[in-house]
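Below: one structure, written as structure tokens.
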Amino acid sequence: MNYIEENNKIILSDFDSFDIEEILECGQCFRFNKIDEKHYKIIAFNKVLNIKQENNKVEFYPCNKKDFENIWINYFDLNTDYMKIKEELSKNDDVLKEAIEYAGGIRILKQDTFECLISFIISQNNRIPMIKKVIENISCKYGNKLEENIYAFPTLEQLLNATNEELKECKTGFRAKYIIDAVEKVKNKTVNIDEFPKLSTEELKENLMQIKGVGIKVADCVILFSNSRMEVFPTDVWVKRVMEYFYFDKYIINIKEIHKLANEKWGNYAGYAQQYLFHYARQKGIGKK
DNA sequence: ATCCAGGATCTCC
DNA sequence: GGAGATCATGGA
């Protein structure tokens with residue numbers, strides 16, 4: 001990886017395993033807009049960032065070297081060796097090999113914990129385009145204005161005032177009460193986000209699941225996408241289907257059975273495997289009736 | 001119209 | 001402790 005700053009723009013070259021379309025469209029994050037082919041605008045960490053990929057370079061703008069190094073290198077997980085991960089996962093596993101060949105440019109973003117928590121509460125029993133809309137509604141209503149028609153995801157303090165009625169107007173549906181409970185428990189530190197790095201993955205999971213509306217899957221997403229616990233294996237309908245289809249050849253009732261296999265097969269890389277499989281399954285419609 | 005979505009909870013046995 | 005119904009909302 002190599003990068004230079006030029007007119008408030010970072011130009012990245014000499015990289016591998018990076019495809020901005022795959023990274024954003026693979027279902028791990030929700031606050032992005034497609035401007036053009038391989039040109040996206042994202043909203044994260046109270047900032048708007050363009051990412052434009054062409055040939056063998058990626059441009060990030062507006063962005064100076066300081067922000068790139070302090071925020072975006074970590075956010076895009078640019079210091080992780082994905083070639084090694086992909087090689088390891090592809091070994092003796094034709095299914096993952098295929099999924100990785102299909103979208104080898106995925107990287108697991110390192111997102112903000114609070115945003116991730118609220119976003120994945122909204123995600124339950126919902127479709128991705130709708131999830132994006134609801135998060136957009138909430139951001140417009142409570143978040144900082146960054147540009148014309150672009151609002152940051154609200155902070156904890158900004159969401160403290162949110163009422164059940166207002167949240168329902170944002171189309172959260174039955175999840176409104178869950179969001180209120182999450183905000184309350186983060187505020188009173190029943191769920192202490194600042195302490196997350198000190199907790200074991202199991203402790204972290206139990207802690208998050210004290211929130212109403214946070215079960216195993218939502219907790220796993222928060223843990224994986226914002227706390228770098230790469231051993232978890234969030235299992236939604238798509239992951240369940242792709243696992244049943246390729247690895248079990250039967251209908252699985254207990255999700256723990258899937259988690260057990262994922263742990264045995266992929267260990268600390270299970271989170272990566274999950275993302276390749278999820279994206280592949282969704283794009284190809286694997287197991288869908 | 002009926003089914004379903006990056007599920008979790010409540011009910012009832 | 002484990003199945004089954006229920007929960008808003010909108011697109012197919």
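In what follows, every chain begins at residue 1, and chains take the letters A, B, ... in the order their sequences are listed.
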Subject >> Ring centroids of Phe278(A) and dG6(B) base under 5.5 Å with planes under 30° >> reply: yes
[X] [atom1] to [N] [atom2]: how many Å, rounded?
{"X": "Arg282(A)", "N": "dA12(C)", "atom1": "CZ", "atom2": "P", "result": "14 Å"}
{"X": "Asn254(A)", "N": "dA3(C)", "atom1": "CG", "atom2": "P", "result": "8 Å"}
{"X": "Ile121(A)", "N": "dA5(B)", "atom1": "CD1", "atom2": "P", "result": "21 Å"}
{"X": "Lys256(A)", "N": "dG2(C)", "atom1": "NZ", "atom2": "C1'", "result": "11 Å"}
{"X": "Ile216(A)", "N": "dG7(B)", "atom1": "CD1", "atom2": "P", "result": "13 Å"}
{"X": "Phe174(A)", "N": "dT6(C)", "atom1": "CZ", "atom2": "C1'", "result": "9 Å"}
{"X": "Ile255(A)", "N": "dA8(B)", "atom1": "CD1", "atom2": "P", "result": "9 Å"}
{"X": "Leu208(A)", "N": "dG7(B)", "atom1": "CG", "atom2": "C1'", "result": "15 Å"}

**OP:** Provide the distance between the two P atoms, one in dT11(B) and one in dA8(C), to the nearest whole Å.
**Re:**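 Taking atom P in both dT11(B) and dA8(C), they lie 14 Å apart.
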Original post:
When the C1' atoms of dG6(B) and dA3(C) are considered, how many whole Å apart are they?
Top reply: 23 Å
For [Y], does its backbone N or O pair with a side-chain atom of [X] as donor and acceptor, under 3.5 Å?
{"X": "Glu21(A)", "Y": "Lys38(A)", "value": "no"}
{"X": "Gln275(A)", "Y": "Ile106(A)", "value": "no"}
{"X": "Arg241(A)", "Y": "Ala281(A)", "value": "no"}
{"X": "Lys240(A)", "Y": "Ile252(A)", "value": "yes"}

Once you apply a heavy-atom cut-off of 4.0 Å, does [X] come out as touching a base, just sugar-phosphate, or nothing?
{"X": "Lys217(A)", "answer": "base"}
{"X": "Ile211(A)", "answer": "sugar-phosphate"}
{"X": "Phe30(A)", "answer": "nothing"}
{"X": "Val239(A)", "answer": "base"}
{"X": "Gly213(A)", "answer": "sugar-phosphate"}

Original post:
The side chain of Val218(A) lies closest to which of these nucleotides: dG10(C), dA8(B), dG6(B)?
Top reply: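 From the listed options, dA8(B) comes nearest.
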Original post:
Who is the Watson-Crick or G-U wobble partner of dC10(B), with both distances under 3.5 Å?
Top reply: dG4(C)
Original post:
Is a donor-acceptor contact shorter than 3.5 angstrom present between the side chain of Arg175(A) and the base of dC7(C)?
Top reply: no
Subject >> Base dA8(C) paired with Asn125(A) side chain (donor-acceptor, <3.5 Å) >> reply: yes
Original post:
Quick one: is dG10(C) close enough that its OP1 or OP2 comes under 4.0 Å of any side-chain N or O from Lys171(A)?
Top reply: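 For dG10(C), OP1 or OP2 has a side-chain N or O of Lys171(A) closer than 4.0 Å.
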Subject >> Donor + acceptor pair across side chains of Glu98(A), Tyr280(A) (<3.5 Å) >> reply: yes
Subject >> Closest-nucleotide 5' rank along DNA chain C - winner of Gln124(A) and Lys133(A) >> reply: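 It is Gln124(A), whose closest nucleotide lies nearer the 5' terminus.
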**OP:** List the steps and the verdict of ring-ring contact (aromatic ring centres under 6.0 Å, His included) for Phe76(A) and Phe60(A).
**Re:** CA-CA 11 Å; Phe76(A) 287 105; Phe60(A) 301 81; 5.6 Å; yes
Subject >> DNA chain B: 5'-proximal contact among Lys212(A) and Pro129(A) (nearest heavy atom) >> reply: Pro129(A)
